[in-house]
Novice: 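Okay, handing you the structure first.
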There are 2 protein chains.
Amino acid sequence: MARQHKSDERWLPMPLTRDQVIETAFGILRDFGLADLSMRRLARDLDVQPGALYWHVKNKQELLGVLSVMILAPATPGPADEVRATDAFMNLRLQARAIRQALLKVRDGAEVVALTHSLDPGSLSALRQPAHEFASAGLPEQQADWAARALVHYILGTVSDEQTRNGLTEAGVLEASLDGADEEAAFDFGLGLLLAGAATSPTPGSQ
Amino acid sequence: MARQHKSDERWLPMPLTRDQVIETAFGILRDFGLADLSMRRLARDLDVQPGALYWHVKNKQELLGVLSVMILAPATPGPADEVRATDAFMNLRLQARAIRQALLKVRDGAEVVALTHSLDPGSLSALRQPAHEFASAGLPEQQADWAARALVHYILGTVSDEQTRNGLTEAGVLEASLDGADEEAAFDFGLGLLLAGAATSPTPGSQ
DNA sequence: ACCTGAACACCGTTCAAGT
DNA sequence: ACCTGAACACCGTTCAAGT
């Protein structure tokens, strides 16, 4: 947790690096959640004063932005796998599931990513993919964009809720209601609705 | 803003009421947003010490719960209009729009309601309606439930995003991108996807 | 270049003591 | 019954001053 173990009496005070700041922050978030990730707590774990962090990082929001990219990394396609499969809708299904799985690995992952996404949509490439995929599926640009926004909101909203319940359940505030399998089935069902809607009726009337 | 105007030198110190606390809190939220609604700011506006609030209200979360009900009140059907229309899907459209409109009237309305909803789903009757409506549309119970959860997440996620952008735009952090009409069109489009999906294929395969 | 010390302007909540 | 005063345990951020 700390930069140096206290067992040694004297030690070369290697300067703090930005990477250490980020990795330690990621660890706190992953294991304890967003409520525990304060700049002061982070400084304590690194054995520095809070002000020292601001040499390595602009502010807390920038830090959360970096963490958001790390959270989504497992669901971010590299430049290698451009257009992986034949069916665009199948790709969308797989992408949505991959994003959900990535978010679930980190406590409050969905909330952190939702925050970053709302402050700067477009900064998270994993969340930009669905728009391309809807376009490949044949939707006109604006509709593809709207469909992608709906899908991303659905993913972030659903997982955020799931993680909040998990947090409360394990804090003893709530008793467990749905287990993991049910949560996944519910997610897949809602996902199916959105994709089925996008597959039929390319231009639904406004009324 | 204050309970008593300073123009009078002496005044009968009428005791604070729970209603005053709630109304003043609602005003701060409506006009200034969630970031400005602190217990300390609320106490200042009421000319009392922060501790006094805890006589009238259990804690901040309870207060936000009450505010959530007030926010959704315009979209909460009274016991009069039970099953208003013939087409369940049309009802869902209208309900979803009514909820969105109600949320938009209060700054950070969607965020506050989302918070309350995640801590205690079922406590907000306006958000329980869609499940009944999907059931009326012929979906089996569990699917109606899942569809409703997807719809509610979609509404809260979309409006929350919209309001965050509005806040940043007017703070000068962002320049305006979509105007109100486009936001509404995007909302209606995503809504159409979900409802179209629910209208077709009652049992989409798990793959 | 990199960090400390100290401050600034805040939070939510509790609780003895007063009236 | 209702509120004050004061405390407790926190926040994010800035910045002169030190090394």
Novice: How long is the line joining CG of A:Asn59 and C1' of D:dG12, in whole Å?
Specialist: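 Rounded to whole Å, this separation is 9 Å.
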Novice: Can you tell me which nucleotide in D:dT13, D:dC2, C:dC2 comes closest to the side chain of A:Pro15?
Specialist: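 Of D:dT13, D:dC2, C:dC2, C:dC2 is nearest to the side chain of A:Pro15.
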Novice: Using OP1 and OP2 only, check whether a side-chain N or O of A:Trp55 sits under 4.0 Å from C:dC2.
Specialist: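 Checking A:Trp55 against C:dC2: at least one side-chain N or O falls below 4.0 Å of OP1 or OP2.
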Novice: Angle between ring planes, B:His117 versus B:His153, binned at 30° and 60°: parallel, tilted or perpendicular?
Specialist: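 The rings of B:His117 and B:His153 stand perpendicular, inter-plane angle above 60°.
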Novice: Under the rule for side-chain contact (heavy atoms from CB on, under 4.5 Å), what residues qualify as partners of A:Glu162, not counting sequence neighbours?
Specialist: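 Here the qualifying residues are A:Arg100, A:Leu104, A:Arg165, A:Asn166, A:Glu183.
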Novice: Could you tell me the separation between the CE atom of A:Met14 and the P atom of C:dC2, rounded to a whole number of Å?
Specialist: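 In whole Å, C:dC2 P and A:Met14 CE are 12 Å from each other.
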Novice: Which whole-number value in Å describes the distance from A:Asp47 CG to C:dC2 C1'?
Specialist: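 Rounding to the nearest Å, CG of A:Asp47 and C1' of C:dC2 are 16 Å apart.
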Novice: Does the plane of the ring in A:Phe134 sit parallel, tilted or perpendicular to the ring in A:Phe89? Use 30° and 60° as the thresholds.
Specialist: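 The arrangement is perpendicular - the two ring planes meet at more than 60°.
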Novice: When the C1' atoms of D:dA16 and C:dC3 are considered, how many whole Å apart are they?
Specialist: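 My reading of the C1' atoms in D:dA16 and C:dC3 gives 12 Å.
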Novice: Rounded to whole angstrom units, what separation is found between the CZ atom of B:Arg40 and the P atom of D:dA6?
Specialist: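 Taking CZ of B:Arg40 and P of D:dA6, I get 14 Å after rounding.
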Novice: Sticking with atom P, work out how far C:dA9 lies from D:dC8, rounded to a whole angstrom.
Specialist: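 Here C:dA9 and D:dC8 have their P atoms 22 Å from each other.
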Novice: Give a yes/no on whether any side-chain N or O of B:His56 is located under 4.0 angstrom from OP1 or OP2 of D:dC3.
Specialist: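 Checking B:His56 against D:dC3: at least one side-chain N or O falls below 4.0 Å of OP1 or OP2.
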Novice: With DNA chain D as reference, determine whether A:Gly51 or A:Ser38 sits nearer its 5' end, using the nearest nucleotide of each.
Specialist: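 Closer to the 5' end of DNA chain D: A:Ser38.
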Novice: Round to the nearest Å and state the distance from A:Leu63 atom CG to D:dT13 atom C1'.
Specialist: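 About 14 Å, once rounded to whole Å.
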Novice: For the CG atom of A:Leu115 and the CG atom of A:Leu156, what is their distance to the nearest 0.5 Å?
Specialist: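 Going from CG on A:Leu115 over to CG on A:Leu156, the span is 11.0 Å.
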Novice: Is there a side-chain contact between A:Gln49 and the phosphate of C:dC3, meaning an N or O under 4.0 Å from OP1 or OP2?
Specialist: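 Answer is no, no contact under 4.0 Å.
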Novice: Go through C:dC3, D:dG12, D:dC3 for me and flag the one nearest to the A:Leu16 side chain.
Specialist: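 When the side chain of A:Leu16 is considered, C:dC3 is the closest of C:dC3, D:dG12, D:dC3.
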Novice: With both distances under 3.5 Å as the test, what is the Watson-Crick or G-U wobble partner of D:dC15?
Specialist: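 Because both required distances fall under 3.5 Å, D:dC15 counts as paired with C:dG5.
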Novice: Could you work out which one of D:dT13, C:dT4, C:dC2 sits closest to the side chain of A:Ala52?
Specialist: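 Ranking D:dT13, C:dT4, C:dC2 by closest atom to the A:Ala52 side chain puts C:dT4 first.
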Novice: Roughly how far apart are B:Leu119 CG and B:Glu62 CD, rounded to 0.5 Å?
Specialist: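 It comes to 13.0 Å.
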Novice: Take atom NZ of A:Lys60 and atom P of D:dC11, then tell me their distance rounded to the nearest Å.
Specialist: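 Nearest whole value for this atom pair: 9 Å.
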Novice: Return the value, rounded to whole Å, for the distance between atom CZ of A:Arg18 and atom C1' of C:dC2.
Specialist: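 My rounded result for the distance is 16 Å.
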Novice: B:Leu46 has an atom CG; how far is it from atom P of D:dT4, in whole Å?
Specialist: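 After rounding, the gap between these two atoms is 11 Å.
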